[in-house]
Amino acid sequence: MRILTMKLIDHHLGRLLCAALGPALGVPPGQLPAAPGVRSVALVKFWGMGSLVLLTPAIAAVRARWPGARVVVVTQAANRELVGLLPGVDGVLTLEVGRGPGAFLASLARLVRDVRRAAFDVWLDAEFLTRFSALLTAVSGARVRVGFHVPEVARGRFHHVRLPFNGHRHMVDNFLSLVTGELAPPAAPAPLAALPPTAEARAALDAQLAALGVGPDEPLVVLNPNAGELALERRWPVERFGLLAGALLEELPGRVVFVGAPAERGHVARALAAAPQDARVVDLSGQTDLAGLVALFARARLLVSNDTGPLHLACAVGTPTVSIFGPETPVLFGPRGPHHRIVYRGLACSPCLNVHNGRTVRCPYAVTHCVEGLPVEAVLAAVRDALRGAPDGRMWAGGAA
């Protein structure tokens, strides 16, 4: 409900504020500056842990285009830990969200103060939906401001460089266009920045697993039955993750490890209830920080996950994945590369969650058939294929459950 409330406020109040402030704070078209004189660059991305990981090629591009510039990420306070893991980032400015209107407004005032003090030379607004980031752009004081604009989301004219968001191109490529200022396709898919685990995180994870009876060389398959609160409808029926765990234990050596944030432990418990009551099923939900999750992914043979942030984290670690897509399109957010499998039905109504509707699921049916209709066997087939190391990155389509 909190996310829905914020979306409604952004849609209605944000649209009014953009229209009202446009005449006074709007800026004429401009262009990206050359490297000399660019001492600081802000990358603005408030929503989506996975999107921050997908932003890493753009961070590398910033480093290449403006060498020596200080790179600062502007994001939610909840993302601070993740930003600390991203290479090429020199600092972070954060906004508190979800602690009540008073705390939000106080945090917003501090953020505006800090942004204006920083006097950024280049401001890259990587949000493509919210009016909020456009309004922050308007008062940022940044010398050159770049952002996405689509007809369906009126965001004012607060950016000097206005780029179309392309719903048919991968998010990595869209983010890169903010840095290049061009619409030309990249020569090759840009890789995510590598996120290797630290020695400290590896040691802590090894001790944690050893305390649970997991040997240092036991193969691990990690299951993530969760999805971020932006769209919980992306979740495959949780009981099927439990059934998948049982099928994996019949076919594979080693352990099946469930993960999730502390707030997701109740959801994970429902998957565990459907899984075999077997010591080879390990519950780490709510028991790892992000550095520990990176270490776990680095040790795992495979991650099976819904379309959500940890999926992209695993891709950056280099872990093979099987991902389940439903309301969202894998064209935008699907993992790329030969070590990743995508399970996606591609129904006539898919995708229904996109940039044009505020990334809000509006399913016309009583149930979301795009995920409800995926049987365990469809996901298991993709898992088998991934573990065999087949060289292609094909997309699997699941039949009726």
Side-chain angles (χ1 to χ4, degrees), residues 10 14-47 51-52 55 57-75 88-93 95 108 111-167 169 171-186 355:
D10 187 87
R15 184 167 56 179
L16 289 174
L17 288 174
C18 283
L21 296 175
L25 300 179
V27 295
Q31 59 186 5
L32 288 166
V38 175
R39 296 165 299 173
S40 59
V41 178
L43 287 122
V44 184
K45 191 73 185 76
F46 288 102
W47 302 106
S51 291
L52 281 169
L55 195 63
I59 295 173
V62 167
R63 287 292 187 194
R65 179 162 189 153
W66 297 294
R70 176 175 170 80
V71 178
V72 177
V73 172
V74 182
T75 189
V89 176
D90 298 309
V92 58
L93 297 176
L95 175 70
L108 177 59
L111 178 61
V112 171
R113 178 201 63 195
D114 293 342
V115 162
R116 293 188 65 84
R117 283 179 178 175
F120 290 105
D121 294 303
V122 179
W123 177 273
L124 304 177
D125 178 5
E127 292 291 353
F128 47 91
L129 294 174
T130 70
R131 279 89 174 179
F132 173 78
S133 67
L135 291 166
L136 184 61
T137 297
V139 299
S140 67
R143 180 159 61 95
V144 178
R145 310 161 197 169
V146 186
F148 293 118
H149 282 252
V150 294
E152 292 82 2
V153 185
R155 305 180 73 211
R157 302 184 69 82
F158 307 128
H159 301 94
H160 297 96
V161 181
R162 293 182 278 272
L163 295 166
F165 178 86
N166 190 332
R169 294 267 300 277
M171 282 305 308
V172 166
D173 300 334
N174 275 291
F175 288 153
L176 279 171
S177 71
L178 292 173
V179 185
T180 64
E182 299 174 354
L183 303 179
V355 65

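Note that the structure is a prediction, hence the values are computed from the model and not measured. The chain is numbered in sequence order, starting from 1.
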Could you give the distance from [atom1] ([X]) to [atom2] ([Y]), rounded to the nearest 0.5 Å?
{"X": "Leu93", "Y": "Asp114", "atom1": "CG", "atom2": "CG", "result": "5.5 Å"}
{"X": "Arg131", "Y": "Thr137", "atom1": "CZ", "atom2": "OG1", "result": "14.0 Å"}
{"X": "Leu95", "Y": "Ser133", "atom1": "CG", "atom2": "OG", "result": "11.5 Å"}
{"X": "Leu135", "Y": "Arg155", "atom1": "CG", "atom2": "CZ", "result": "9.0 Å"}

Would you say Arg65 and Thr180 are linked by a side-chain donor-acceptor pair, where the criterion is simply a distance under 3.5 Å? no

How about [X] and [Y]: do any of their side-chain heavy atoms sit closer than 4.5 Å?
{"X": "Val150", "Y": "Pro164", "result": "no"}
{"X": "Pro33", "Y": "Arg143", "result": "yes"}
{"X": "Leu21", "Y": "Phe158", "result": "yes"}
{"X": "Leu43", "Y": "Phe175", "result": "no"}
{"X": "Leu124", "Y": "Val44", "result": "no"}
{"X": "Phe46", "Y": "Glu127", "result": "yes"}

Arg145 meets the salt bridge (Lys or Arg N to Asp or Glu O under 4.0 Å) criterion, sequence neighbours left out, with none

My understanding is that only residues two or more places apart in sequence, or in another chain, count here; which of them pass salt bridge (Lys or Arg N to Asp or Glu O under 4.0 Å) with Arg39? Asp121

Taking ring-ring contact (aromatic ring centres under 6.0 Å, His included) as the test, write out the residues that go with Phe120, two or more places apart. none

According to ring-ring contact (aromatic ring centres under 6.0 Å, His included), who are the partners of His149, at least two apart in sequence or on a separate chain? His159

Can you see which heavy atom on [X] is nearest to which on [Y], and at what distance?
{"X": "Phe128", "Y": "Met171", "result": "CE2-CE, 3.5 Å"}
{"X": "Val146", "Y": "Leu178", "result": "CG1-O, 3.7 Å"}
{"X": "Leu136", "Y": "Leu111", "result": "CD2-CD2, 4.0 Å"}
{"X": "Ala64", "Y": "Pro67", "result": "O-CD, 3.6 Å"}
{"X": "Asn174", "Y": "Ser177", "result": "O-OG, 2.6 Å"}
{"X": "Pro29", "Y": "Arg162", "result": "CG-NH2, 3.5 Å"}

Which pairs would a plain distance check flag for residues 68-75, meaning a side-chain donor or acceptor within less than 3.5 Å of a matching protein atom at least two apart in sequence or in another chain?
residue, atom, partner, partner atom, Å
Thr75, OG1, Lys45, O, 2.7
Thr75, OG1, Asn79, ND2, 2.9

Tell me if the CZ atom of Arg157 is crowded by more than 12 foreign heavy atoms within 6.0 Å. no

Using only atom types and a distance under 3.5 Å, with no angle test, would you say the side chain of Arg116 pairs donor to acceptor with the backbone of Val139? yes

Side-chain donor/acceptor of Trp66 to backbone N/O of Val122, under 3.5 Å: no

Which salt bridge (charged side-chain N to carboxylate O under 4.0 Å, His left out) pairs, counting each pair once, include a residue from residues 21-30, with sequence neighbours left out? none

Steps toward side-chain contact (heavy atoms from CB on, under 4.5 Å) verdict (Thr130, Trp47): CA-CA 9 Å; Thr130 70; Trp47 302 106; 3.7 Å; yes

